[in-house]
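Any value given below was found using the heavy atoms of this structure, including those in side chains, with hydrogens, waters and symmetry copies removed.
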Amino acid sequence: MRQSIPDLPEADAGYDPALDRWYLRLGEQSFMLRDWNWGERKRLLRAACSAGQADGGALAEGFCALLFDPAPPPELARLFAYAGLHLLGADREDRQMPLAEAEAALAMKFGLMPSAVEAERIADVEALVSASGPQTLPDNGWSRIEFGETGAEDAG
């Protein structure tokens with residue numbers, strides 16, 4: 001299944017179901033991208049943030065080192081993080097539940113603690129939270145991270 005990446009028409013990207021991996025080709029270089037799990041995302045966000053602010057470079061480099069094989073060069077980390085987040089569907093409007101809110105919803109609905117979902121794929125956890133119906137929890141977490149000219153920002 002081929003996928004286009006907004007603002008990156010020169011990229012050849014797609015999903016290989018046999019490997020359960022995304023591929024991304026830019027010019028002569030080819031990279032594989034695996035999905036991340038709930039615990040990895042949580043730890044990466046925690047490591048890349050200080051005083052409620054994200055270090056966009058650290059976040060992009062961590063994302064690339066964690067999920068791409070081989071990892072792209074550090075100077076291209078923001079570009080590859082942008083492409084990777086798009087391929088994983090993290091830029092969709094329906095996948096913007098803050099981590100703390102999702103964990104609270106799972107605990108309230110199913111009695112699951114964060115450690116019970118750490119190894120689960122993010123898409124699976126978010127689907128479970130969405131299936132549990134609307135939540136009335138306070139928004140006390142990030143809803144998305146945008147990579148723009150100034151880097152990663154708290155957008156919600």
Task: Those residues that, when tested against Gln3, pass side-chain contact (heavy atoms from CB on, under 4.5 Å) (two or more places apart) - done: Trp22, His86, Leu87
Task: For Asp12, side-chain hydrogen bond (donor to acceptor under 3.5 Å, both in side chains) partners two or more places apart - done: Arg2, Arg25
- [ ] Mind jotting down which residue pairs meet the salt bridge (Lys or Arg N to Asp or Glu O under 4.0 Å) criterion with at least one end in residues 13-22? Sequence neighbours excluded, please.
- [x] Asp20-Arg121
TODO: Treating Ile, Leu, Val, Met, Phe, Trp and Tyr as nodes and any side-chain heavy-atom pair under 4.5 angstrom as an edge, say whether Leu128 and Met113 lie in one connected cluster.
DONE: no
Task: Any side-chain heavy-atom pair of Asn37 and Ile122 under 4.5 Å - done: no
- [ ] For Glu10, check side-chain contact (heavy atoms from CB on, under 4.5 Å) against everything at least two apart and list the hits.
- [x] Leu8, Leu26
TODO: Using the side-chain contact (heavy atoms from CB on, under 4.5 Å) rule, take Glu40 and Leu67 through it: C-alpha gap first, then chi angles, then the decisive distance, then the call.
DONE: CA-CA 10 Å; Glu40 289 172 328; Leu67 302 175; 4.3 Å; yes
Task: Closest non-hydrogen atom pair between Ala65 and Ala71, with its separation - done: CA-CB, 4.1 Å
TODO: If a pair satisfies ring pair (Phe, Tyr, Trp, His ring centres under 6.0 Å) and one of its residues is in residues 52-74, list it, with sequence neighbours excluded.
DONE: Trp36-Phe63, Phe68-Phe80
Open item on the list: A side-chain contact here means heavy atoms from C-beta on lying under 4.5 Å apart; do Leu33 and Leu24 qualify?
Closed with: no
- [ ] Only counting residues at least two apart or in another chain, list the ones meeting salt bridge (charged side-chain N to carboxylate O under 4.0 Å, His left out) with Glu118.
- [x] Lys42, Arg43
Open item on the list: Using every non-hydrogen atom in the two residues, find where Ala81 and Cys64 come nearest and quote the distance to one decimal.
Closed with: N-SG, 3.8 Å
- [ ] Can you sort out the partners of Pro73 under side-chain contact (heavy atoms from CB on, under 4.5 Å), two or more places apart, ordered by chain and number?
- [x] Glu75, Leu76
Task: CD1-OH distance between Ile5 and Tyr82, expressed to the nearest 0.5 angstrom - done: 8.0 Å
Open item on the list: Going by the rule side-chain hydrogen bond (donor to acceptor under 3.5 Å, both in side chains), which residues pair with Asp69 if we only count those two or more places apart in sequence or in a different chain?
Closed with: none
- [ ] Test Trp38 against every option in Glu103, Glu120, Glu126 by the side chain to side chain donor-acceptor pair (under 3.5 Å) rule and name the one that passes.
- [x] Glu103
Task: Other ILVMFWY residues reachable from Tyr23 by side-chain steps of under 4.5 Å - done: Leu19, Met32
Task: Results of side-chain hydrogen bond (donor to acceptor under 3.5 Å, both in side chains) for Glu61 - residues two or more places apart only - done: none
